[in-house]
Amino acid sequence: MVEEYMSSVKKQFEYYKLLGDKTFEQLNDKQFNWQYNQESNSITQIVKHLSGNMLSRWTDFLTTDGEKAFRNRDEEFDETSLSKTEVLTVWNDGWTCLLDTLATISAGNFSTIIYIRNQGHTVIEAINRQVAHYAYHVGQIVFIGKMLLNENWKTLSIAKGTSQHCNADKFSQPKTRTHFTDEFLQNDKV
């Protein structure tokens, strides 16, 4: 059961990373730093926050509190103008830390209690907390990308008006037991 859960959750994280990657491919430097208003965050700020969270939560995941002393969460939301290349470096640093750490989780350490700000979590609770958190912010990134690109946005899902065709195609295939992200991750498309 542990291996099955870890395989599933890894695919889920990879899917959210792919959604971000596919959004970033469509944007230019200036768009990464655009803010709707002073109370909203730019994609750069969201990426800094996600990466800061990932580095804090996943560094020494099994042995130290998930809120590390090296993290400055407030600074993650400071208005900073970064190039697309710089944002992608920050983004990938966080994801590398997360995915490398997931590979170390096994049945042998799965019962470890994980602390985040001194609040104990099972490994499953700690991982699920982060899946939900990252999905929330990746959704914001995708939404900002759609707002910025408007009619030039390349959809990351089933295109409007094609649901019936997509469903007909899916139901014409034999039933299979796969993770819903398999086709996206294997084809490197969403």
Side-chain angles (χ1 to χ4, degrees), residues 1-24 32 40-78 80 82 86-145 156-157 177-186 188 190:
M1 189 62 149
V2 172
E3 288 177 15
E4 186 177 330
Y5 171 75
M6 292 308 300
S7 174
S8 176
V9 81
K10 180 179 182 276
K11 289 176 183 181
Q12 194 70 52
F13 278 124
E14 289 171 337
Y15 173 71
Y16 292 124
K17 182 181 185 308
L18 182 64
L19 291 176
D21 290 341
K22 292 297 183 183
T23 298
F24 299 155
F32 277 85
S40 64
N41 294 310
S42 67
I43 289 174
T44 295
Q45 289 166 309
I46 296 168
V47 168
K48 286 176 15 183
H49 171 61
L50 279 169
S51 184
N53 180 279
M54 289 175 186
L55 293 171
S56 185
R57 296 293 184 265
W58 299 99
T59 300
D60 302 324
F61 175 69
L62 296 168
T63 58
T64 63
D65 194 282
E67 190 62 24
K68 304 293 187 288
F70 65 73
R71 183 179 187 203
N72 185 341
R73 185 182 181 282
D74 291 332
E75 195 174 84
E76 295 163 8
F77 296 101
D78 286 349
T80 309
L82 298 178
E86 291 168 319
V87 173
L88 293 178
T89 297
V90 171
W91 171 258
N92 287 318
D93 286 348
W95 285 103
T96 297
C97 181
L98 181 162
L99 294 170
D100 287 351
T101 300
L102 284 182
T104 69
I105 300 170
S106 66
N109 58 24
F110 202 71
S111 63
T112 305
I113 297 299
I114 307 304
Y115 290 90
I116 302 172
R117 296 187 185 102
N118 274 348
Q119 182 181 28
H121 297 65
T122 65
V123 168
I124 290 175
E125 289 170 336
I127 291 171
N128 288 348
R129 175 177 173 164
Q130 298 318 117
V131 169
H133 184 211
Y134 303 157
Y136 170 77
H137 287 302
V138 170
Q140 292 173 327
I141 289 168
V142 171
F143 183 70
I144 293 169
L156 305 180
S157 185
R177 171 68 181 101
T178 60
H179 194 274
F180 84 96
T181 64
D182 286 346
E183 68 184 89
F184 302 124
L185 297 173
Q186 289 171 358
D188 193 35
V190 183

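Panel note: side chain Lys68, backbone Thr59; a donor-acceptor pair is recorded below 3.5 Å.
The CD atom of Glu14 lies 10.5 Å from the CD atom of Gln12; values are rounded to the nearest 0.5 Å. Residue Lys17 holds its NZ atom at 11.0 Å from CG of Leu98, rounded to the nearest 0.5 Å. We find the CG-OG distance between Asn72 and Ser56 to be 11.0 Å, quoted to the nearest 0.5 Å.
With sequence neighbours excluded, the residues satisfying side chain to side chain contact (heavy atoms under 4.5 Å, CB included) with Ser40 are Gln35, Tyr36, Asn37. Partners of Ile144 under the side chain to side chain contact (heavy atoms under 4.5 Å, CB included) rule, at least two apart in sequence or in another chain, are Trp34, Ile43, Ile46, Met147, Leu148. For Asp65, there are no side chain to side chain donor-acceptor pair (under 3.5 Å) partners two or more places apart in sequence or in a different chain. Take Ser7 and apply the side chain to side chain donor-acceptor pair (under 3.5 Å) test, not counting sequence neighbours, and it matches no residue. For Thr80, the side chain to side chain contact (heavy atoms under 4.5 Å, CB included) partners two or more places apart in sequence, or in a different chain, are Lys48, Asp78, Leu82. Looking at residues two or more places apart in sequence or on another chain, you find no side chain to side chain donor-acceptor pair (under 3.5 Å) involving Thr89. Considering only residues two or more places apart in sequence or on other chains, Arg129 meets the side chain to side chain donor-acceptor pair (under 3.5 Å) condition with His121.
Residues Leu55 and Cys97 share a closest heavy-atom pair of CD2-CB, 3.7 Å. Contact between Gly94 and Ser51 at its shortest, heavy atoms only, is N-OG, 3.5 Å. The two residues Tyr16 and Trp95 make their nearest non-hydrogen contact at CB-CH2, 4.3 Å. Nearest heavy-atom pair across Phe24 and Leu88 is CD1-CD2, 3.4 Å.
Applying the side chain to side chain donor-acceptor pair (under 3.5 Å) definition to pairs two or more places apart or across chains, those involving residues 104-119 are Glu67-Arg117. For residues 86-100, there are no salt bridge (charged side-chain N to carboxylate O under 4.0 Å, His left out) pairs, not counting sequence neighbours. Sequence neighbours left out, not one pair with a member in residues 102-113 passes salt bridge (charged side-chain N to carboxylate O under 4.0 Å, His left out).
The aromatic rings of Phe110 and Tyr5 lie perpendicular to each other, with more than 60° between the two planes, well past the 30° mark.
For CD of Glu125, the number of neighbouring non-hydrogen atoms (other residues, nucleotides, ligands) closer than 6.0 Å is greater than 12.
For the pair Leu102/Met6, a side-chain contact is recorded, criterion being any heavy-atom separation below 4.5 Å from C-beta on. Residues Thr96 and Met54 form no side-chain contact, since every pair of their non-hydrogen atoms from C-beta on lies 4.5 Å or further apart. At least one side-chain heavy atom of Ile114 sits less than 4.5 Å from a side-chain heavy atom of Leu62. Inter-residue side-chain proximity for Ile127 and Ile105 is flagged as met; some heavy-atom pair is nearer than 4.5 Å.
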In residues 131-143, what donor-acceptor pairs under 3.5 Å come from side-chain atoms, sequence neighbours left out?
{"unit_1": "His133", "atom_1": "NE2", "unit_2": "His49", "atom_2": "NE2", "d": "3.2"}
{"unit_1": "His133", "atom_1": "NE2", "unit_2": "His137", "atom_2": "NE2", "d": "3.1"}
{"unit_1": "Tyr134", "atom_1": "OH", "unit_2": "Asn53", "atom_2": "OD1", "d": "2.6"}
{"unit_1": "Tyr134", "atom_1": "OH", "unit_2": "Trp58", "atom_2": "NE1", "d": "3.1"}
{"unit_1": "Tyr134", "atom_1": "OH", "unit_2": "Gln130", "atom_2": "NE2", "d": "3.0"}
{"unit_1": "His137", "atom_1": "ND1", "unit_2": "Gln140", "atom_2": "OE1", "d": "2.6"}
{"unit_1": "His137", "atom_1": "NE2", "unit_2": "His49", "atom_2": "NE2", "d": "3.4"}

